[in-house]
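Scroll down for the structure; my scribbles are underneath it.
Quantities reported herein were computed from a predicted structural model and do not represent experimental measurements. Scope of the values below: all heavy atoms of this structure, side chains included, with no hydrogens, waters or symmetry mates.
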Amino acid sequence: MLFDTVGGEKFFVDLVDRFYDGVETDQVLLPLYPEGSATIGARRRLSLFLMQYFGGPDTYMQERGHPRLRMRHFPYAIGEKERDHWLLHMVSAIDVSVAELPVEFQVDVRDELVGYMVNAAEHLRNQ
């Protein structure tokens, strides 16, 4: 499982922190976040979701129920521009995070994470 390969919770928390550090400065994405630049809640939710999705504990499901990603994101206008900005920050965060892993895991972990994120970002487009 990817969760174990990357060393567990810390990898995902660091990944999400790097991602949101970028989001907090992005004038295209920031208006989509109801909390604005106060992303503490969003960071926790995304970290828990990614941990669960990639084989970690099911804390997200226990706290929030089924992810229902399209439903949860539907109120926000997500078009190509928003998708591309989201992916820019996410792929950048993935690249930095993966570089800290043992070399033998870096390519496979990056491919799996980026593959999922590209599909998810496209799936959430509603414009």
Side-chain angles (χ1 to χ4, degrees):
M1 280 190 248
L2 188 83
F3 182 81
D4 296 325
T5 300
V6 300
E9 179 179 340
K10 182 179 181 340
F11 175 88
F12 290 99
V13 170
D14 291 348
L15 169 68
V16 169
D17 282 344
R18 290 175 176 126
F19 166 72
Y20 274 108
D21 289 349
V23 168
E24 287 180 356
T25 65
D26 191 308
Q27 296 309 306
V28 171
L29 294 179
L30 204 52
L32 300 177
Y33 289 85
E35 301 155 333
S37 62
T39 58
I40 293 169
R43 288 172 189 248
R44 176 169 164 64
R45 290 186 298 272
L46 182 56
S47 294
L48 290 176
F49 171 77
L50 292 175
M51 284 185 252
Q52 177 177 304
Y53 185 85
F54 287 104
D58 67 347
T59 308
Y60 181 92
M61 183 74 85
Q62 291 175 24
E63 290 183 7
R64 300 196 34 99
H66 188 282
R68 294 183 175 88
L69 294 179
R70 283 190 57 85
M71 180 194 78
R72 292 185 196 272
H73 291 82
F74 188 76
Y76 311 103
I78 303 171
E80 289 181 25
K81 186 175 184 178
E82 292 78 12
R83 175 204 60 201
D84 292 347
H85 278 246
W86 191 91
L87 280 171
L88 173 80
H89 296 293
M90 183 55 77
V91 171
S92 175
I94 289 169
D95 287 342
V96 172
S97 298
V98 166
E100 296 176 348
L101 296 174
V103 115
E104 63 268 21
F105 300 125
Q106 290 178 5
V107 171
D108 289 342
V109 169
R110 184 187 189 281
D111 288 350
E112 187 169 350
L113 288 171
V114 170
Y116 171 77
M117 299 303 176
V118 167
N119 288 335
E122 181 60 27
H123 177 72
L124 294 176
R125 276 187 50 214
N126 57 25
Q127 299 283 313

Side-chain donor/acceptor of [X] to backbone N/O of [Y], under 3.5 Å:
{"X": "E82", "Y": "G79", "value": "yes"}
{"X": "Q52", "Y": "M61", "value": "yes"}
{"X": "Q106", "Y": "L101", "value": "yes"}

To the nearest 0.5 angstrom, please state how far the [atom1] atom of [X] sits from the [atom2] atom of [Y].
{"X": "L113", "Y": "M117", "atom1": "CG", "atom2": "CE", "result": "5.5 Å"}
{"X": "F19", "Y": "L88", "atom1": "CZ", "atom2": "CG", "result": "10.0 Å"}
{"X": "K10", "Y": "D17", "atom1": "NZ", "atom2": "CG", "result": "9.0 Å"}
{"X": "Y60", "Y": "L46", "atom1": "OH", "atom2": "CG", "result": "9.0 Å"}
{"X": "L29", "Y": "Y76", "atom1": "CG", "atom2": "OH", "result": "13.5 Å"}

Would you name the heavy atoms of [X] and [Y] that are closest together and state the gap between them?
{"X": "A42", "Y": "Y20", "answer": "CB-OH, 3.4 Å"}
{"X": "P31", "Y": "D26", "answer": "CD-O, 4.4 Å"}
{"X": "I78", "Y": "R83", "answer": "CG2-N, 4.4 Å"}
{"X": "L15", "Y": "S97", "answer": "CA-OG, 3.5 Å"}
{"X": "V23", "Y": "Y33", "answer": "CG1-CE1, 3.5 Å"}
{"X": "H85", "Y": "H89", "answer": "O-CD2, 3.0 Å"}

Legend entry - R43/D21 ion pair, N-O < 4.0 Å: yes
Inset, instruction - Please state whether the rings of F12 and F54 are parallel, tilted or perpendicular, taking 30° and 60° as the class boundaries. - result: parallel
Inset, instruction - For T59 and M51, run side-chain contact (heavy atoms from CB on, under 4.5 Å): C-alpha distance rounded to whole Å, both residues' side-chain angles, the deciding distance at 0.1 Å, then the answer. - result: CA-CA 9 Å; T59 308; M51 284 185 252; over 6 Å; no
Inset, instruction - Could you check E24 against T39 for side-chain contact (heavy atoms from CB on, under 4.5 Å), going step by step and ending with a plain yes or no? - result: CA-CA 8 Å; E24 287 180 356; T39 58; 2.5 Å; yes
Legend entry - Selection residues 91-104 - residue pairs positive for salt bridge (charged side-chain N to carboxylate O under 4.0 Å, His left out), sequence neighbours left out: R18-E100, D95-R110
Inset, instruction - Consider only side-chain heavy atoms of I, L, V, M, F, W and Y, link residues closer than 4.5 Å, and tell whether Y116 and F105 are in one cluster. - result: yes
Inset, instruction - Decide whether M90 and V96 are clustered together by the hydrophobic rule: side chain heavy atoms of Ile, Leu, Val, Met, Phe, Trp, Tyr closer than 4.5 Å, transitively. - result: no
Inset, instruction - List the steps, then state whether side-chain contact (heavy atoms from CB on, under 4.5 Å) holds for L48 with R44. - result: CA-CA 6 Å; L48 290 176; R44 176 169 164 64; 3.5 Å; yes
